[in-house]
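The chains referred to below are lettered A, B, ... by the order of the sequence lines, with proteins before strands, and numbering in each begins at 1.
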Amino acid sequence: MPTGTPIASLIASDASAAGTSIELTGWVRTRRDSKAGISFIQISDGSCFDAFQIVAPSDLANYESEVLKLTTGCAIRCRGELVESRGKGQSLEMKAVEIEVVGWVEDPDSYPLQPKRHSFEYLREVAHLRPRSNTFGAIGRVRHCLAMAVHRYFHENGFLWIHTPIVTANDCEGAGEMFRISTLDMMNAPRNEDGQVDFSQDFFGRESHLTVSGQLNVETWCCALSKVYTFGPTFRAENSNTSRHLAEFWMIEPEIAFADLTDNADLAESMLKYLFKALLEERQDDMAFFQQRIDKTCIDRLEKFIESSFERMEYTEAISKLEKAVAGGKKFEFPVSWGIDLQSEHERYLTEELVGRPVVVMNYPKDIKAFYMRVNDDEKTVAAMDVLAPGIGEIIGGAQREERLDVLDARLDEMGLPKEDYWWYRDLRRYGTVPHAGFGLGFERTIVYATGMANVRDVIPFPRTANNAEF
RNA sequence: UCCCCUGUAGCUCAAUUGGUAGAGCGAGCGGCUGUUAACCGCUAGGUUGCUGGUUCGAGUCCAGCUGGGGGAGCCA
C-alpha cells in the first residue's frame, strides 16, 4: 500500500504497541517547537477524528531546513518508532527518524485553513479544502458510515438495491421543477410548426430531465422482487433558498410489496433506528466532537430515538392537537383546519413542542397529496405519511401506492394528468397488481438530524444550490 | 420567487450623534518551554463588495447592482 499506517489503527492500539516501527502519511495540522531540541507535529490522515503526534528530534537531517518550516496543510511522510508519550493528551506518539515533505504549502499566509475556528459560510467558499477541517472530516466519516449502514440494513433484510435511472423522460410525480438535459444547440434549437422547440430531434428523441425521484421506476422492480430500494442522487430545480434544500441531494427510497402504510411506517422506524445505532457504535469519536462543538444534545437525542418507539399520529389527530394548541393560546401564522397542508410552523410545533422527537403523521387529505397515493376507505384521505423531525422538519415522505387501476385512473383524471404518459406505471396495476408502499428519506436531512449541523449544505461534499456550483 | 439581516486585514470581529480604520487569531522574525487551539516580544497587511448620489467631510446616510446568511413557499 502506498500510504502509511492509518492513524485510526494507532488510536485503537494500547501501550503494548510501543516499540514497533511504522510509517505515517498525512497532512500537518499544527507544529510546535521546543528549544529542548524537538518539534511536535500533529498529523491528520482522515482515518479518524484524532490527529497523531509526531515528535521530531533536532538531529533529523532536514530538521533546520524543512521540519522547522512545516505549516498547517503540508503533506508529509514520516518513518519512526511508536513510543509511549511523555506528554499529556495522548498515550502513544511517534518518534520520527525520517520526515519527508511530500507537498509544501507554497504560501502559508494565504492557506485558507488556519488552526482556528472558521465559519461554515467561509468554509463553503473553500469547499475543495474544507474536508481538512475537523468538522468536515467528521462529516465525511459520518456520511460514509450512514451510507454503508443504509446498504447493510437493506441487504441484511432481504432488499435489493435497484439502480434507477438518473435520466428520465417523464415528470411522473410533478415533484418540483426539473433540470432539462439536452444536446440541442441552445442558440439554434430546431423548431416544429408551432414554433416550439422540437425535442424529437434531441438525443433521446423527446424531452428529458434529471430525475426528481426514483420512485416510479423502483415500483416496477418492487412488483417483481418484493423488497427493493434505491439510493442515489436526485435533482430539483426549485429556487429554494433554505437550510434544508439542495438542487442535488441524495435520497433513499425503499419500496415493499404486499405491504400497507403500517408496514411502511414500521420499515421507516426500523431503518432509522438501525442507522443511528450504527452511527453511535462506529463513529464515537466524531459524534463526541459534534456533541462538544456543534450540538450538545445530539448523542442523547439519537440514544432516545433508538430506545423509544416512533410516535405515530393520524393527520386528523394532528389537526385536532393543533386546534387545541390554538385554543390554548398558541399563535400560528397560518390558520389550522382539517384539509390544510401542514405548514412548517405546524410541523415544528408537533415534533418539537408537542412530542419532542420525530413523529409520523399518517393519512392526509387526498386533495393535497400526489396521484399515486392509495385512497382510503373514507374516500377523503390517502395512505400517505410524513416523518417530521425536530430542527429539520420533514425527513421522510411516503405512501402506500394506489394498486387499483380504476381508482388510479380516476385520480389521474381528477388531476388532469394524461393516462398515456403513465402507460407502464398503469400496466403494473393491470398485470398482477399488489398493495405496495414505500418512502423517500432525505440523506442530507438525516445527517443534519444526527449531527446537529444546521445546514444541509454542510453535510454534502459539494453543495449545489441556485447560483452555486463552483466546485 | 417573496420578506428580513448582512458584506471592514488571510480568518473572527471592533470603530461612540457621519470627522479620513483597530484588536485577537493566523503569517514572518526573535525568545522560552516535552509541547498539545502553548506562551512572550517585534514586524508586515485594508482604494472598508461594486457603481453612483447626499455632504466641507461617508466604513457610517440614500439608490442600484452583486456576494453571503436567516425565514416563507415547495419539498426530501
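For rU35(B), the base has a donor-acceptor partner in the side chain of Q90(A) [N/O atoms by modelled type, under 3.5 angstrom]. Counting atom types as modelled, Q114(A) pairs a side-chain N or O with a base atom of rG10(B) as donor and acceptor under 3.5 Å. Judged by atom type and distance alone, H118(A) does not reach the base of rC11(B) through any side-chain donor-acceptor pair under 3.5 Å. For S240(A) against rC74(B), a side-chain-to-base donor-acceptor contact under 3.5 Å is present. No N or O donor and acceptor, one from the side chain of E125(A) and one from the base of rG67(B), sit under 3.5 Å apart. If you check distances only, the side chain of R32(A) never reaches the base of rC39(B) with a donor-acceptor pair under 3.5 Å.
Across all strands shown, rC13(B) pairs with rG22(B); the Watson-Crick or G-U wobble distances both stay below 3.5 Å. The partner of rG7(B) is rU66(B), by the rule that a Watson-Crick or G-U pair needs both atom distances under 3.5 Å. Across the strands present, rU1(B) finds its partner in rA72(B); the criterion is a Watson-Crick or G-U wobble pair with both atom distances under 3.5 angstrom. Partner assigned to rU54(B) is none, using Watson-Crick or G-U wobble distances below 3.5 angstrom. Base pairing of rU60(B): no nucleotide in any strand meets the Watson-Crick or G-U wobble criterion (both distances under 3.5 Å).
Distance check on atom P: rC75(B) versus rU16(B) gives 47 Å, rounded to whole Å. Between rA58(B) and rC50(B), the two P atoms lie 15 Å apart (nearest whole Å). Here the separation of rG31(B) from rA21(B), taken at their P atoms, is 35 Å to the nearest Å. Taking the C1' atoms as reference points, rA15(B) lies 9 Å from rU60(B), given to the whole Å. The C1' atoms of rG34(B) and rU43(B) are separated by 29 Å, rounded to the nearest whole Å.
Ring planes of H118(A) and Y122(A): tilted class, angle from 30 to 60°.
Heavy-atom nearest nucleotides on RNA chain B were determined for W250(A) and for Q42(A), and the one closer to the 5' end corresponds to Q42(A).
Look at CG on D341(A): it is 14 Å from C1' on rA76(B), rounded to the nearest Å. Y111(A) has its OH atom 17 Å from the C1' atom of rC25(B), to the nearest Å. Atom OH in Y364(A) sits roughly 12 Å away from atom P in rC74(B) (whole-Å rounding).
At the heavy-atom level, L113(A) lies nowhere under 4.0 Å from the strands shown.
A138(A) approaches F49(A) most closely through the heavy-atom pair CB-CD1, 4.4 Å.
Judged by the 6.0 Å and 45° rule, K227(A) forms no cation-pi pair with W221(A). Judged by a 6.0 Å distance limit and a 45° cone about the ring axis, R301(A) is positioned over the six-membered ring of Y449(A).
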Test R457(A) against F120(A) for side-chain contact (heavy atoms from CB on, under 4.5 Å), laying out the working first. CA-CA 9 Å; R457(A) 291 167 206 168; F120(A) 291 135; over 6 Å; no
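Base orientation at rG45(B) is syn, since its O4'-C1' glycosidic dihedral falls within 90° of 0.
F231(A) and F154(A) have their aromatic ring centers separated by at least 6.0 angstrom.
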